[in-house]
Number of protein chains: 2
Amino acid sequence: MYRQVQRVRHDDGMTPPKYRQVADALRREIDSGKYPPGSRLPSESELSGRFDASRNTVRSGLGVLVSEGLITSSQGLGYEVRSHEVFELNASKFENLNFPQNGDAYNTDVTNAGRRPHQTFRVEMLPAPKDVSERLRIEAGTKSVLRFCHRYVDDVPWSTQATYYPGWLVEEAPRLAEPGDIAEGTTRYLADHGITQVGYFDELSARMPTPDEARLLEVGAGVPMLLWMRTGYSESKPIRCTITTFRGDLNRMNYEIGDLSARGESL
Amino acid sequence: MYRQVQRVRHDDGMTPPKYRQVADALRREIDSGKYPPGSRLPSESELSGRFDASRNTVRSGLGVLVSEGLITSSQGLGYEVRSHEVFELNASKFENLNFPQNGDAYNTDVTNAGRRPHQTFRVEMLPAPKDVSERLRIEAGTKSVLRFCHRYVDDVPWSTQATYYPGWLVEEAPRLAEPGDIAEGTTRYLADHGITQVGYFDELSARMPTPDEARLLEVGAGVPMLLWMRTGYSESKPIRCTITTFRGDLNRMNYEIGDLSARGESL
DNA sequence: GAGGGCCACATGTACCGACAAGTTCAGCGA
DNA sequence: TCGCTGAACTTGTCGGTACATGTGGCCCTC
């Protein structure tokens with residue numbers, strides 16, 4: 001039987017719990033530059049001594065910073081301060097006949113940024129998920145073509161992109177369902193078969209990764225995903241739905257709307 | 001001195017740690033509908049019995065689900081499955097002279113959705129933060145006007161919106177720096193003073209909330225923020241920079257690009 | 001010099017115990 | 001009836017211990 005010293009003050013200026021004090025102190029030191037991005041924090045046992053707290057308590061504090069996305073931990077190595085180099089994507093420029101959104105566009109973008117692109121690719125036929133079938137305006141469960149892309153930058157998993165085409169479209173453009181790249185780009189290929197994309201509807205949201213996504217993109221706790229759903233329309237109906245998942249902290253999506261001649265070339 | 005039974009298998013088909021098994025099992029049950037949104041999970045001690053694990057281990061498992069944004073916990077009550085009613089924002093329609101992005105637009109939108117809007121408002125003059133001054137193309141630290149809005153939906157904190165105007169703009173449109181609403185909307189007010197916004201540049205990203213944001217928006221762990229930066233331009237230069245932070249899981253931002261006549265009124 | 005084994009140290013998992021503090025409700029008393 | 005108190009739940013915090021497991025470097029051997 002033992003007695004622990006717990007918090008005593010119950011007034012308004014409540015002392016935060018110890019694990020939070022640890023988190024706050026370390027967060028301040030990280031923000032102040034004492035621990036710059038890429039550097040390593042002291043070990044749990046060192047911090048335990050410094051804060052006069054048990055290793056469990058220190059771990060809770062570090063856990064807060066991990067779930068804030070400030071640091072990562074790796075077994076055997078320690079805690080490292082994360083760096084945040086963001087990658088810019090210009091969404092409103094992505095797709096047109098001259099600059100289709102295709103593997104090539106991605107390759108070009110990444111290469112221009114001085115990084116090394118790499119992607120894996122897969123084609124499947126399967127019933128469309130509910131949210132996709134609603135957007136493609138087809139019956140739930142109707143067959144659709146999924147063209148799936150898993151993209152890397154400098155061998156770091158970067159994004160997954162799943163494009164669904166409604167089943168009826170395959171009748172008119174059979175190569176959609178065939179494995180392998182479409183060299184001229186799907187947008188161009190469809191246009192050549194009389195299906196021209198004239199507009200699209202984008203939806204953006206954020207959420208924490210599902211276990212699947214965490215595995216595919218090798219993200220740990222504290223890294224939110226940026227979700228981008230693009231539904232493309234011909235003059236008469238929806239013809240595709242693309243769902244892209246990014247690491248939200250490493251990507252920024254841009255839209256240019258209206259007259260931006262004043263923006264010039266800078267930035 | 002005691003001995004614990006720990007995992008033994010070291011082969012490829014590695015058994016996941018127990019806390020993860022707990023998380024996976026509960027996640028499946030939530031997905032399956034056994035615990036629908038709004039319902040409560042069994043208590044830690046019940047789960048402890050069911051999974052033959054200590055309360056700490058069960059807590060770790062639940063912590064995984066919390067940081068995935070699937071559940072929330074409240075002291076004295078238990079764990080509740082979160083619901084995800086998303087709120088739609090049409091970004092590409094937001095701003096023009098007839099439908100300015102103003103408190104009114106927000107009020108209208110929320111009321112139309114059958115919810116109750118409420119907002120607090122504040123005006124300040126202060127040096128522009130670095131990221132803002134870059135976008136407004138003014139010297140870092142130059143004075144700027146901040147018009148800050150904290151918005152609620154049904155008394156739930158929903159978003160914060162900070163709009164910065166460059167200091168030089170105040171000379172031509174002094175009411176910007178005065179506290180209180182500008183009834184006709186700032187866009188209209190600026191247009192009446194010869195400053196017309198002809199285009200804007202949007203940047204979207206996601207990250208975990210800072211402690212400040214967590215406080216203002218009352219979000220717990222596992223809820224990512226959706227960040228929206230909009231820089232508005234006149235014909236010759238940037239005239240404003242709006243930074244909006246949303247709960248990423250409860251909001252969806254939409255963009256309409258090109259000809260969407262096929263989309264019709266539905267959805 | 002190259003390779004392997006081993007040790008030191010990092011975090012990861014799992015258990016135990018105790019007490020603090022928020023919520024609900026039955027039950028008691030004015 | 002109303003209001004308060006306390007019991008019985010809940011989760012939150014903090015401490016301890018033991019052992020598993022990943023990493024890197026030292027050192028010995030071949």
Side-chain angles (χ1 to χ4, degrees), chain A residues 1-12 14-24 26 35 39-67 71-82 218 220-222, chain B residues 1-12 14-24 26 35 39-67 71-82 218 220-222:
Chain A
M1 201 79 77
Y2 59 97
R3 229 201 111 68
Q4 295 176 195
V5 183
Q6 309 240 146
R7 277 171 303 147
V8 184
R9 300 180 53 193
H10 294 204
D11 46 333
D12 280 344
M14 176 78 93
T15 305
K18 199 183 268 191
Y19 79 95
R20 199 157 280 282
Q21 294 178 33
V22 172
D24 292 343
L26 291 175
Y35 300 112
S39 68
R40 270 185 47 191
L41 258 48
S43 73
E44 292 177 353
S45 49
E46 281 180 71
L47 294 171
S48 169
R50 171 178 155 196
F51 288 105
D52 187 34
S54 73
R55 183 158 84 103
N56 280 343
T57 303
V58 169
R59 277 179 70 81
S60 298
L62 290 164
V64 171
L65 301 188
V66 169
S67 84
I71 61 177
T72 59
S73 72
S74 17
Q75 191 169 2
L77 288 173
Y79 290 84
E80 183 170 321
V81 180
R82 283 185 38 192
E218 290 172 26
Chain B
M1 200 79 77
Y2 59 96
R3 228 199 111 69
Q4 295 176 196
V5 184
Q6 309 239 147
R7 277 172 302 147
V8 184
R9 300 178 55 192
H10 295 203
D11 46 333
D12 280 343
M14 176 80 92
T15 304
K18 199 183 267 191
Y19 79 95
R20 199 158 279 281
Q21 295 178 33
V22 172
D24 292 344
L26 291 174
Y35 300 112
S39 68
R40 269 185 50 192
L41 258 48
S43 72
E44 292 177 352
S45 50
E46 281 180 70
L47 294 172
S48 169
R50 172 179 155 195
F51 288 105
D52 187 33
S54 72
R55 182 159 84 103
N56 281 342
T57 302
V58 169
R59 276 179 71 80
S60 300
L62 290 164
V64 171
L65 301 188
V66 169
S67 84
I71 62 178
T72 60
S73 72
S74 15
Q75 191 169 2
L77 288 173
Y79 290 84
E80 184 171 320
V81 180
R82 282 185 39 194
E218 290 171 25

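Convention: sequence-line order gives letters A, B, ...; per-chain numbering from 1.
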Side-chain N or O of [X] versus OP1/OP2 of [N]: is the shortest distance under 4.0 Å?
X: A:Ser60; N: D:dC14; answer: no
X: B:Arg55; N: C:dC15; answer: no
X: A:Ser45; N: C:dC9; answer: no
X: B:Arg59; N: D:dT11; answer: no

Distance from B:Lys18 atom NZ to B:Phe51 atom CZ, nearest 0.5 Å?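 Those atoms lie 10.5 Å apart.
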Starting at CG of B:Leu77, measure out to OG of B:Ser43 and round the result to the nearest 0.5 Å. 12.5 Å
Could you tell me whether the side chains of A:Thr57 and A:Ser60 share a donor-acceptor contact shorter than 3.5 Å?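 Side-chain D/A pair, A:Thr57 to A:Ser60: absent.
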Starting from [atom2] on [N], measure out to [atom1] on [X] and report it in whole angstrom.
X: B:Glu80; N: D:dT11; atom1: CD; atom2: P; result: 13 Å
X: A:Asn56; N: D:dT13; atom1: CG; atom2: P; result: 13 Å
X: B:Tyr19; N: D:dA20; atom1: OH; atom2: P; result: 18 Å
X: B:Arg40; N: D:dC9; atom1: CZ; atom2: P; result: 13 Å
X: B:Lys18; N: D:dA20; atom1: NZ; atom2: P; result: 15 Å
X: A:Leu62; N: C:dT13; atom1: CG; atom2: P; result: 14 Å

List the steps, then state whether side chain to side chain contact (heavy atoms under 4.5 Å, CB included) holds for B:Glu46 with B:Leu41. CA-CA 10 Å; B:Glu46 281 180 70; B:Leu41 258 48; over 6 Å; no
Please evaluate residues A:Leu62 and A:Ile71 with respect to the criterion side chain to side chain contact (heavy atoms under 4.5 Å, CB included), reporting the C-alpha separation (whole Å), side-chain torsions for both, the decisive distance (0.1 Å), and the verdict. CA-CA 8 Å; A:Leu62 290 164; A:Ile71 61 177; 3.9 Å; yes
Any carboxylate oxygen within less than 4.0 angstrom of a Lys/Arg side-chain nitrogen, looking at A:Glu44 and A:Arg55? yes
How do A:Arg20 and B:Glu44 order along DNA chain D: which one's closest nucleotide is nearer the 5' end? B:Glu44
Has the side chain of A:Ser48 got a donor or acceptor atom that lies under 3.5 Å from a matching backbone atom of A:Ala53?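 Yes, because the side chain of A:Ser48 sits within donor-acceptor range (under 3.5 Å) of the backbone of A:Ala53.
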Going by number, which of residues 71-79 of chain A have a non-hydrogen atom under 4.0 Å from DNA chain D?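 DNA chain D contact set from residues 71-79 of chain A: A:Gln75, A:Gly76, A:Leu77.
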